[in-house]
Amino acid sequence: ALIAVVLINAFEFTELLWRKDWKRSFKPLPVHANLDEIKREWPKVSIHVACYSEPPELVMNTLDHLAALNYPNFEVLVLDNNTKDPNEWRPLQAYCKKLGERVRFFHIEPWGGFKAGALNFGIDQTCPDAKMIAVIDADYVVEDNWLASLIPYFDNPKVGFVQAPQDHRDWEGDTVKTMINWE
């Protein structure tokens, strides 16, 4: 079994290192600094952030980056499912209120289905005028052009799902985290 794993990894490295053309390379669409000057519809996007027993500061950092998005029409739903300790979810609830009505917090307990269950709950809470749903992890930090660069992909009627590239954060200086990031 170990030999099979090594051979599979060797094949993947070979395919990666000697590829001349990528079939599905991600090329973010260029984003203009002023979205008002772009003549297009910017559909409302409901961004769902599911969390469970996350450190409040970590989720707050994610929410700060979402609040700074350069996109005209979005909401953020923070879906805390089954976090028992109020010291973990109540600061998030208060922080969401500080961020304004664009950000809504839901503490759901008891709730089944883990993260998928929370995301299913979020579908019913989504604003009726939202045309798309974006899902990010509670520790994900977006760049300010994240939504504006992804939404135009949906102009193609064959596109129903877009996954943005991800990367680890705070890995510099830690050998194990560096290896995980490289992997």
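Remember, predicted model here, so these are calculated numbers, not experimental data. Residue numbers start at 1 and run along the sequence shown. The analysis underlying the following values was restricted to heavy atoms, covering all of them including side chains, and did not include hydrogens, waters or symmetry mates.
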Under 4.5 Å side-chain linkage, directly or through intermediates, the cluster mates of F114: none
Interatomic distance, N82 atom CG to K115 atom NZ [nearest 0.5 angstrom]: 14.5 Å
Other residues, nucleotides, ligands: >12 heavy atoms within 6.0 Å of E101 CD: no
Minimum-distance pair of heavy atoms, taken over all atoms of K44 and C127: NZ-SG, 3.8 Å
Spacing of CG belonging to L66 relative to CG belonging to D144, to within rounding of 0.5 Å: 11.5 Å
I3, CD1 atom: more than 12 neighbouring heavy atoms under 6.0 Å: no
Members besides I133 in its Ile/Leu/Val/Met/Phe/Trp/Tyr cluster (side-chain heavy atoms under 4.5 Å): L77, L79, F106, I108, W111, L119, F121, I123, V135
Which atom of N81 lies closest to which atom of C51, heavy atoms considered: OD1-O, 2.9 Å
Neighbour count above 12 (heavy atom, 6.0 Å) for K98 NZ: no
Straight-line distance of K84 NZ to Y52 OH, nearest 0.5 Å: 6.5 Å
Verdict with reasoning, Y95 to F105, per side-chain contact (heavy atoms from CB on, under 4.5 Å): CA-CA 9 Å; Y95 197 73; F105 178 86; over 6 Å; no
Test item: T62 side-chain N/O and Y140 main-chain N/O as donor-acceptor pair under 3.5 Å: yes
Cluster check F154, I47: I/L/V/M/F/W/Y, side chain < 4.5 angstrom: yes
Inter-residue atom distance N120.CG - H48.NE2, 0.5 Å rounding: 10.5 Å
Distance, nearest 0.5 Å, that separates CG of L150 from CD of Q163: 10.5 Å
Close side-chain approach of P91 to M60, heavy-atom, < 4.5 Å: yes
Hydrophobic cluster identity match, Y153 and L147, side-chain contacts under 4.5 Å: yes
Stepwise side-chain contact (heavy atoms from CB on, under 4.5 Å) check, I151 with Y71: CA-CA 10 Å; I151 291 302; Y71 192 83; 3.7 Å; yes
Passing candidate, side chain to side chain contact (heavy atoms under 4.5 Å, CB included) with E54, options D80, T83, D139, V59: V59
Shortest non-hydrogen contact from G173 toward T178: N-OG1, 4.4 Å
Minimum heavy-atom distance L92-P56, with the two atoms named: CD2-O, 3.8 Å
Exam field: side chain Q93 to backbone H107, donor-acceptor pair closer than 3.5 Å: no
Donor-acceptor under 3.5 Å (D85 side chain, N87 main chain): yes
Verdict with reasoning, R104 to S46, per side-chain contact (heavy atoms from CB on, under 4.5 Å): CA-CA 11 Å; R104 294 186 287 149; S46 183; 5.8 Å; no
Among D137, V76, V103, side chain to side chain contact (heavy atoms under 4.5 Å, CB included) partner for V49: V76
Distance-minimising heavy-atom pair for H65 and N61: ND1-O, 2.9 Å
Hphob cluster co-occupancy, V159 + M132, side-chain heavy atoms under 4.5 angstrom: yes
